[in-house]
Amino acid sequence: NFTLDNEVHSSFIHRRLKSQERREMQREILSILGLPHRPRPHLHGKHNAAPMFMLDLYNAMSTEGEEDGYSYPYKPVFTTQGPPIATLQDNNFLNDADMVMSFVNLVEHDKEFLPVRRHHREFRFDLSRIPEGEAVTAAEFRIYKDFVHERFDNETFRISVYQVLEEHSDRESDLFLLDSRVIWAAEEGWLVFDVTVTSNHWVINPGRNLGLQLALESTTGESVNPRVAGLIGRSGPQNKQPFMVAFFKATEVHLRSIR
Amino acid sequence: SAPAGTKQRNANRSKGANKSQEALRVANVAENSSADQKQACKKHELYVSFRDLGWQDWIIAPEGYAAYYCEGECAFPLNSYMNATNHAIVQTLVHLINPDTIPKPCCAPTQLHAISVLYFDDSSNVILKKYRNMVVRACGCH
């Protein structure tokens with residue numbers, strides 16, 4: 001247990017490194033990780049929804065043990081937010097994946113529409129930074145639905161997720177329906193939509209990535225504000241923000257660049 | 001090398017005596033090598049700390065990992081736990097005879113494990129990636 005063995009767990013840098021040595025060491029390790037430079041994330045929310053989901057997947061990999069190719073000691077980092085949000089299907093995707101990536105929603109503010117217009121939410125994810133040689137094997141769009149006190153227990157909504165094909169300045173965007181299902185007003189938890197085909201399309205054609213739209217309808221076909229149905233948006237808690245996750249398989253061997 | 005022929009029988013007789021002495025010397029060396037188990041090729045502990053590199057702001061997990069390393073002698077006789085290749089065994093014997101010409105085999109990893117790293121990129125997207133051949137599982141003589 002290396003976390004208890006101070007002799008082993010003590011600093012692995014046993015002497016003060018010169019600036020050049022530190023830079024060289026970091027550059028070497030970054031090259032192993034396949035990174036051109038050290039990332040500088042502008043957001044530091046490890047307890048946001050996407051990092052926590054990814055942590056669930058990481059823990060699932062960590063507890064598989066040596067027979068699956070992962071060495072101990074691995075100290076699983078358990079979340080404090082309740083049961084894991086990764087599903088059994090996610091674990092199945094994980095078994096085939098070399099890399100998993102979650103994407104933050106780039107749409108800063110949810111739009112509010114007049115009652116006469118069609119209510120919808122927009123989401124955009126930047127898939128342009130995916131390393132070369134990685135193919136999408138599965139992708140999900142996840143949005144959290146809270147329990148809604150104000151609605152009737154047996155009330156239902158139809159939730160639909162669309163891929164935006166083309167935007168117009170004078171009318172609604174052209175949409176392609178990806179998934180549609182009925183949800184209960186009393187339902188609570190993560191809603192998961194398969195966007196594998198769409199993600200593959202965006203990776204191959206980054207210029208066609210115009211994002212997703214989500215729309216809600218009542219049983220009478222009336223457009224409903226997603227906020228009314230309990231769907232968490234930008235103004236909601238960080239650990240319930242919508243995000244996208246994609247599973248990748250390497251299609252080519254990664255070669256380190258010549259030094 | 002094979003003996004020259006019958007004309008050199010007398011010479012061979014003295015060469016035979018030298019060979020016996022040589023064989024005795026080899027046997028003594030072998031006995032000393034087999035007794036020196038502490039320095040034999042094996043796995044040693046090495047912990048690589050991302051925290052020590054100051055990377056906690058972008059690497060979510062792990063804080064570090066046990067990489068191990070291989071060190072030790074690959075000397076005659078190569079015991080079974082040394083995971084020696086047949087070539088390494090032969091090279092050990094040749095080194096015994098010609099130590100100045102042929103080096104001992106190298107103690108190096110024979111099996112390696114992958115690790116997974118969870119980290120942020122510049123856009124604060126989160127990446128979980130498997131990196132192969134990062135952890136020594138077994139060492140051997142090659």
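Every chain is numbered from 1 and lettered A, B, ... according to where its sequence line falls, protein lines coming before strand lines.
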### Query
Hey, is CG on Asn205(A) packed in by over 12 heavy atoms from elsewhere, all under 6.0 Å?
yes

## Note on the structure
Minimal heavy-atom distance between Leu33(A) and Trp58(B), with the atoms involved, is CD1-CH2, 3.9 Å

### Task
Flag the pair Tyr119(B) / Pro41(A) as yes when at least one side-chain heavy-atom distance between them is below 4.5 Å, and no otherwise.
no

#### Entry: Arg208(A) atom CZ: more than 12 heavy-atom contacts under 6.0 Å
no

### Summary
Nearest heavy-atom contact between Val104(A) and Asn125(B) is N-OD1, 3.0 Å

### Message
Strictly distance-based, threshold 3.5 Å: is any side-chain N or O of Asp122(B) a donor or acceptor partner for the main-chain N or O of Arg40(A)?
### Response
yes

### Message
Give me the atom names and distance for the closest heavy-atom approach of Tyr58(A) to Ser116(B).
### Response
CE1-O, 3.4 Å

### Query
Under the side-chain hydrogen bond (donor to acceptor under 3.5 Å, both in side chains) test, which residues partner Asp98(A), sequence neighbours left out?
Arg132(B)

### Message
Looking at Ile32(A), is its backbone amide N or carbonyl O close enough to the side chain of Tyr131(B) to form a donor-acceptor pair, meaning the two atoms are under 3.5 Å apart?
### Response
no

### Message
Go through it in stages, so that I can follow the logic: the residues are Ile60(B) and Met54(A), the test is side chain to side chain contact (heavy atoms under 4.5 Å, CB included), and I'd like the CA-CA distance, side-chain angles, deciding distance and then a yes or no.
### Response
CA-CA 10 Å; Ile60(B) 303 171; Met54(A) 296 294 279; over 6 Å; no

### Task
Apply salt bridge (Lys or Arg N to Asp or Glu O under 4.0 Å) to Arg51(B) and list each qualifying residue two or more places apart in sequence or on a separate chain.
Glu63(B)

### Task
Evaluate the criterion side chain to side chain contact (heavy atoms under 4.5 Å, CB included) for residue pair Val100(A) and Ile127(B); output intermediate values, then yes/no.
CA-CA 6 Å; Val100(A) 188; Ile127(B) 298 157; over 6 Å; no

### Message
For the interface with chain B, which of Met244(A), Arg38(A), Met101(A) has the highest count of heavy-atom pairs at distances below 4.5 Å?
### Response
Arg38(A)

### Message
Between Leu106(A) and chain B, with a heavy-atom cut-off of 4.5 Å, which part of the residue counts as in contact: side chain, backbone, both or neither?
### Response
neither

#### Entry: Asp121(B) CG to Leu35(A) CG distance, which is reported to the nearest 0.5 Å
9.0 Å

### Task
With rounding to the nearest 0.5 Å, note down the distance linking CD1 in Ile29(A) to CH2 in Trp55(B).
4.5 Å

